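What you see is a predicted model, and the numbers here were worked out from it, not measured in a lab.
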Amino acid sequence: QVQLVESGGGSVQPGGSLRLSCAGSGSGLSSDYRYYAVGWFRQAPGKEREGVACMSSADGVTVYDDSVKGRFTISLDNAKKITYLQMNSLKSEDAGVYYCAVGRWRLLDPNQYDYWGQGTQVAVSS
C-alpha cells in the first residue's frame with residue numbers, strides 16, 4: 001500500500017505563487033514498483049480531473065500540460081518520498097482541488113495512476 005498526503009494549498013491572488021507538497025509512505029513504493037511515476041492533477045467544480053505535471057523516479061524527466069508550461073515545476077525528493085509542485089503566475093483557471101498520485105507510467109492520464117492523495121484546495125481570486 002501507498003499513502004499520499006498533500007499540503008500547501010490555499011488562497012492567492014492572480015499572479016501569486018504556491019508550493020504544494022505530497023508526502024508518500026508505505027511499503028508499496030518499493031514493493032509495487034521498480035521505478036514509479038508521480039503526478040499532479042487538478043479538478044475544478046463540474047469538470048473532469050486533469051493532469052497538470054508528472055515525472056518518473058527513474059530519470060527525472062518531467063511532463064507538463066500546455067496550460068501550465070513555464071509556470072509550474074514538479075520535483076521529486078526520492079530519498080524522502082516527497083514530490084513538490086511549485087506554481088507561479090497563478091491564474092483564476094488554475095483553481096481547483098489538487099491531487100498527487102503514484103503510478104507506473106509517466107503520463108498525464110489519471111486513469112494510469114494507482115494511488116491517490118486526499119487533495120488540497122487551491123483558490124485564485126482577487
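With rounding to the nearest 0.5 angstrom, the CD1 atom of Ile82 is 6.5 Å from the OG atom of Ser21. From Asp114, atom CG reaches atom CD of Gln1 across 10.5 Å, with rounding to the nearest 0.5 Å. To the nearest 0.5 Å, the span separating CH2 on Trp40 from OH on Tyr98 amounts to 10.0 Å. Rounded to the nearest 0.5 angstrom, Lys69 NZ and Thr62 OG1 are separated by 9.5 Å. Expressed to the nearest 0.5 Å, how far CG of Leu85 lies from CD of Glu6 amounts to 11.0 Å.
No side-chain heavy atom of Val97 sits under 4.5 Å from any side-chain heavy atom of Thr120. Using a 4.5 Å heavy-atom cutoff, the side chains of Arg71 and Lys91 are in contact. For the pair Phe72 and Gln86, the minimum side-chain heavy-atom distance is 4.5 Å or more. Between Met55 and Val61, the closest side-chain pair of non-hydrogen atoms is not below 4.5 Å. Residues Leu4 and Thr83 form no side-chain contact, since every pair of their non-hydrogen atoms from C-beta on lies 4.5 Å or further apart. Residues Glu50 and Gln43 fail the side-chain proximity criterion, which asks for heavy atoms closer than 4.5 Å. Counting heavy atoms from C-beta on, the side chains of Val122 and Leu18 come closer than 4.5 Å. Residues Met87 and Val12 are not in side-chain contact: their nearest non-hydrogen atoms beyond the backbone lie 4.5 Å or more apart.
The disulfide (SG to SG under 2.5 Å) search around Cys22 returns Cys100, not counting sequence neighbours. Legend: residues meeting ring pair (Phe, Tyr, Trp, His ring centres under 6.0 Å) with Phe41, ordered by chain and number and at least two apart, are Tyr113, Trp116. Applying the side-chain contact (heavy atoms from CB on, under 4.5 Å) rule to Ser57 yields the partners Tyr35, Tyr36, Leu76, Asn78; only residues at least two apart in sequence or on another chain are considered.
No side-chain donor-acceptor contact under 3.5 Å links Tyr84 and Arg19. Donor-acceptor pairing under 3.5 Å is recorded for the side chains of Tyr115 and Asp32.
Each of Leu107 and Val2 belongs to its own hydrophobic cluster when Ile, Leu, Val, Met, Phe, Trp and Tyr are linked at side-chain heavy-atom distances under 4.5 angstrom.
What you find for Asn88 and Ser17 is that their closest heavy atoms are OD1-OG, 2.9 Å. The shortest heavy-atom contact between Ala95 and Ala44 is O-CB, 3.9 Å.
Side chain of Ser126 to main chain of Gln13: no donor-acceptor pair is present (N/O by atom type, distance under 3.5 Å, no hydrogens or angles). Of the possible polar contacts, none joining the Asp65 side chain to the Val68 backbone as a donor-acceptor pair under 3.5 Å is found.
Around atom CD of Glu93, more than 12 heavy atoms belonging to other residues, nucleotides or ligands sit under 6.0 Å away.
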